[in-house]
Amino acid sequence: MMNIALLVWRQKNRADKGRFERYEAKDISHEMSFLEMLDVVNEGLIKDGKEPIAFDHDCREGICGMCSQVINGTPHGPAERTTVCQLHMRNFKDGDVIYIEPWRAKAFPVIKDLIVDRSALDRIIQAGGYISVHTGGVPDANAILISKPDADTAMDAAECIGCGACVAACPNGSAMLFTSAKVIHLANLPQGKIEAVRRVCMMTEAMQKEGFGACSNHYECQAACPKGIKVSFISALNREFVKAQFK
Amino acid sequence: MILDGNCPNGLLHEKWDIRRHELKLVSPANRRKFKIIVVGTGLAGASAAATLGELGYNVEAFCYQDSARRAHSIAAQGGINAAKNYPNDGDSIYHLFYDTIKGGDFRSREANVYRLAMISNNIIDQCVAQGVPFARDYAGYLDNRSFGGSQVSRTFYARGQTGQQLLLGAYSALSRQVKAGTVKLYPRTEMLDIIVIDGEAKGIIVRDLVTGEIRGHSADSVCLCTGGYSNAFSLSSNAMGSNITATFRAYKKGAYFANPCYTQIHPTCIPASGDYQSKLTLMSESLRNDGRVWVPKKTGDKRPANDITEDERDYYLERKYPSYGNLAPRDISSRAAKEVCDEGRGVGPGGRGVYLDFADSIKRLGEDTIRQRYGNLFEMYERITGEDAYKQPMRIYPAPHYTMGGLWVDYNLESNIKGLFILGEANFSDHGANRLGASALMQGLADGYFVIPYTIADYLAKTKPGKVTITHPEFKKSLDETSSLMERLLSINGKKTVNEFHRELGKIMWDNVGMTRSEASLKKTLEEIPLIRQEFWKNVKVSGAGSELNQELEKACRVADFLEFAELMAWDALQRDESCGGHFRVEHQMPDGEAKRNDEEFCYVAAWEYKGIGKTPELHKEPLTFESIKLAVRSYK
Ligand SMILES: Cc1cc2nc3c(=O)[nH]c(=O)nc-3n(C[C@H](O)[C@H](O)[C@H](O)COP(=O)(O)OP(=O)(O)OC[C@H]3O[C@@H](n4cnc5c(N)ncnc54)[C@H](O)[C@@H]3O)c2cc1C
Ligand code: FES
């Protein structure tokens, strides 16, 4: 069991200025997940007649991409390749002071406390992050052969959970890692190559329109990514983009 | 009343063709005049909304998460079945059909299940065309693996993230339609009521979870694709927000709820570690392909696993079910685990766990192969437990996972309320009393991509577009009711939190309506739930206001519905005085402890009609008739 002090970002709504507030988390077990620790703190706040801390979460399995907290300055906290919902308290020790903040980026306005609006990421996908296939009328699945290395690279990129930690980690608030993951997932597949040029142009344009910054190779994104998406996808996106300019 | 499933006539394999021929079509020019509401953007909802959008209908899609891509389907790990027979190991559509019917313990509708097996192949084609990166072999062909309850390899997978990849495929199709302007998305929006006018579904009431605004949306038809209700048990493998609200409110407006007692307990979850536990994490069942399940032979054996020698271990699944061994179906594996723990042979804290051991496979195939197959699952296990499963066996225990029950639908996926269609886990239709692994993803996508586009057209073709708008008095009435419900919750200002009530309910359900049930346990539940419910409405504390983002209020609404719905689960379980699939009544078992069905009296779907809070619901029966197969004892020995 341990006792921990939390400094949590509280912000009533988009217009509110926001500030850190201090809470004591008492008798915390090492086996708890970080969010379970916050649940315990929230139960206490509710009983004291105070407003609980609002934070996004759903699957608590590290796959839905809903949870989004900056812990001591690092998106998703100290454990490598781990979302905050999968972070466990054994990563902390008695007496620790933990700062908890929302994703901070121009394109992600805060809605309340630790909850931000990430709909800009959806709009990047809507701009072209798909293969334009209709339901029905497609060939037999084994008619499209894909080499194992290509399929594996596509899968490496497709593992992105769209949480936005890459944006939160980037000093420029760039969404390049997110965008490149989708571009490369699809560009690596024969059925995705056909629209590759159009896709990379539309998605990068949408990214800029949404207010995400440019990538200047800080590579903080890769370190923050809970799924280990590689910055090599960003260079691959740039190559796709250059190809597009010559078409 | 005797219900009719509205199945087509003809031979089993011709039924879907015959039905498609009978169904009316809507001409392309008329489609955009029809508005369709799709609630839920999981596999079922996203595939339906995308496909209906492509066809030119005017679609509005809703989900409570901040993005359509985060629906609970994203968490499915293991895979999706199809009768492709690529490995040439003897599979066929008929085989998949039969396995599903048998797996469901002969409590599902033959015609639906056959259609599902037929469509399974189209799904794989569709997903590959969308760019879903399924696993492949070195020649570039698709790879398959086997899953619980089947003797062939028919499961397609994308590492341990099949649900994620399938959902992202459907989400990409959906995103394309958003851009095309046929689909409008409403994320962070929760459906709280359905509008039924003259027996037809014509809209919904929602709450904007950011602003708190409660408003109506009218439509020509409504599809509910809102997932399952395992969270009635409080602790389950479902996402924290998974709820019964959408389908339960439809039930309260007259839609029949079918087989609510059919719930599935998944055998391979990580055991709970303390009272604060907020959810249980599933370890994909695919692990059972290479892991061996065992407990010590001696009771109370507290030695570390690796100190217990081979002859001191009981590989109880292999012993009891030699032909399926560690791949025995879920309900059977789960009960077997409970049994050995009840005998005092469980492992880990509290003795509620069994080992899943990879040592033999690692010896046989090498650690690298195991890492390749399950690396991400082993990592997840280590993150949660701090233990390295390459070095010591995993500890697993059953947890609520999937609900076969759901709103009653006919063969067209239409409920008894006209124009109300139910898709995916939210309906009851295809899995009988137990679902086989890798078949929920299949069903969700079958419903959304390949069934609803045909059947909804038939309904729409018989109506006029835009018959109802939100000025209709039913909207006002329902808006007022919904608002006052919120106000009531906020004004109680009691002493107990919503989570406390949820946990209390969950414990009663798990102990009495869980893996095993008895007349006594169910009667007890029916006495206890109303008491918790009463206390809830007197003593719950919901902080904050209604006109803002308020997660406590969201939870309170969901738990309030679970508190009513749980009673229906118990009613159904009590009424079904037999054992079948996941519904195990201790009074009805074979001499060897297997579920004992009673086909004479219970070969029907139990569809319940709402009669008021705390009142006995009315039972309607849909008899199950089997034209093509013979009912048999479901044996996996
Ligand atoms: C951990 C886990 C692993 C699994 N693994 C597998 C597997 O390997 N293979 C397999 O076949 N099956 C698996 N399953 C089962 C399968 O994932 C689900 O049954 C299936 O994904 C359900 O899909 P759905 O579209 O019906 O619902 P969901 O994906 O649950 O989607 C529900 C949708 O409804 C929305 N919603 C709910 N209520 C409301 C409301 N009131 N208002 C607005 N929106 C609402 C949600 O926002 C969401 O978009 C697994 C399940 C779990 C829990
Ligand atoms: S809550 Fe789903 S990834 Fe963290």
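Just so it is clear, the values below take in all heavy atoms, side chains as well, and ignore hydrogens, waters and symmetry mates. Within every chain, numbering begins at 1; the chains are lettered A, B, ... in the order of the sequence lines, protein sequences first and strands thereafter. None of the values given here were measured: they were computed from a predicted structure.
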Side chains of [X] and [Y] in contact at under 4.5 Å (non-hydrogen atoms):
| X | Y | answer |
| --- | --- | --- |
| A:Ser119 | B:Ser67 | no |
| A:Gln126 | B:Leu185 | yes |
| A:Asn142 | B:Tyr86 | yes |
| A:Ile146 | B:Tyr141 | no |
| B:Glu548 | A:Asn13 | no |
| A:Asp156 | B:Arg159 | yes |

Side-chain ion pair, B:Arg70 and A:Asp56, N-O less than 4.0 Å: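 Not counted as a salt bridge, because no side-chain N and carboxylate O are separated by less than 4.0 Å.
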Segment of A:Ile53 engaging chain B (4.5 angstrom heavy-atom cut-off):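 For A:Ile53, the backbone is the part near chain B, not the side chain.
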Contacting moiety of B:Gln177, where chain A heavy atoms sit under 4.5 Å: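 Looking at B:Gln177, nothing touches chain A.
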A:Leu35 side, atom CG; B:Met240 side, atom CE - distance, nearest 0.5 Å: 8.5 Å
Backbone of B:Gln130 reached by a side-chain donor or acceptor of A:Gln191 within 3.5 Å: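 Between the backbone of B:Gln130 and the side chain of A:Gln191 there is no qualifying donor-acceptor contact (under 3.5 Å).
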Toward chain B: residues of residues 57-69 of chain A with heavy atoms under 4.5 Å: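 When heavy atoms of chain B are the reference, residues 57-69 of chain A contributes A:His57, A:Asp58, A:Cys59, A:Arg60, A:Glu61, A:Ile63, A:Cys64, A:Gly65, A:Met66 within the under-4.5 Å range.
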Which of A:Ile161, A:Asp113, A:Asp39, A:Asn188 touches chain B most, by non-hydrogen pairs under 4.5 Å: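 Maximum pair count with chain B is reached by A:Ile161.
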Within residues 128-150 of chain A or reaching into it, pairs that qualify as salt bridge (charged side-chain N to carboxylate O under 4.0 Å, His left out) - sequence neighbours excluded: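 The answer is A:Asp140-B:Lys84, A:Lys148-A:Asp152.
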Residue-level interface, residues 494-502 of chain B with chain A, non-hydrogen cut-off under 4.5 Å: B:Lys495, B:Thr497, B:Asn499, B:Glu500
A:Phe92: ring-ring contact (aromatic ring centres under 6.0 Å, His included) partners, not counting sequence neighbours: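 Scan of A:Phe92 (ring-ring contact (aromatic ring centres under 6.0 Å, His included), adjacent residues dropped) gives A:Phe34.
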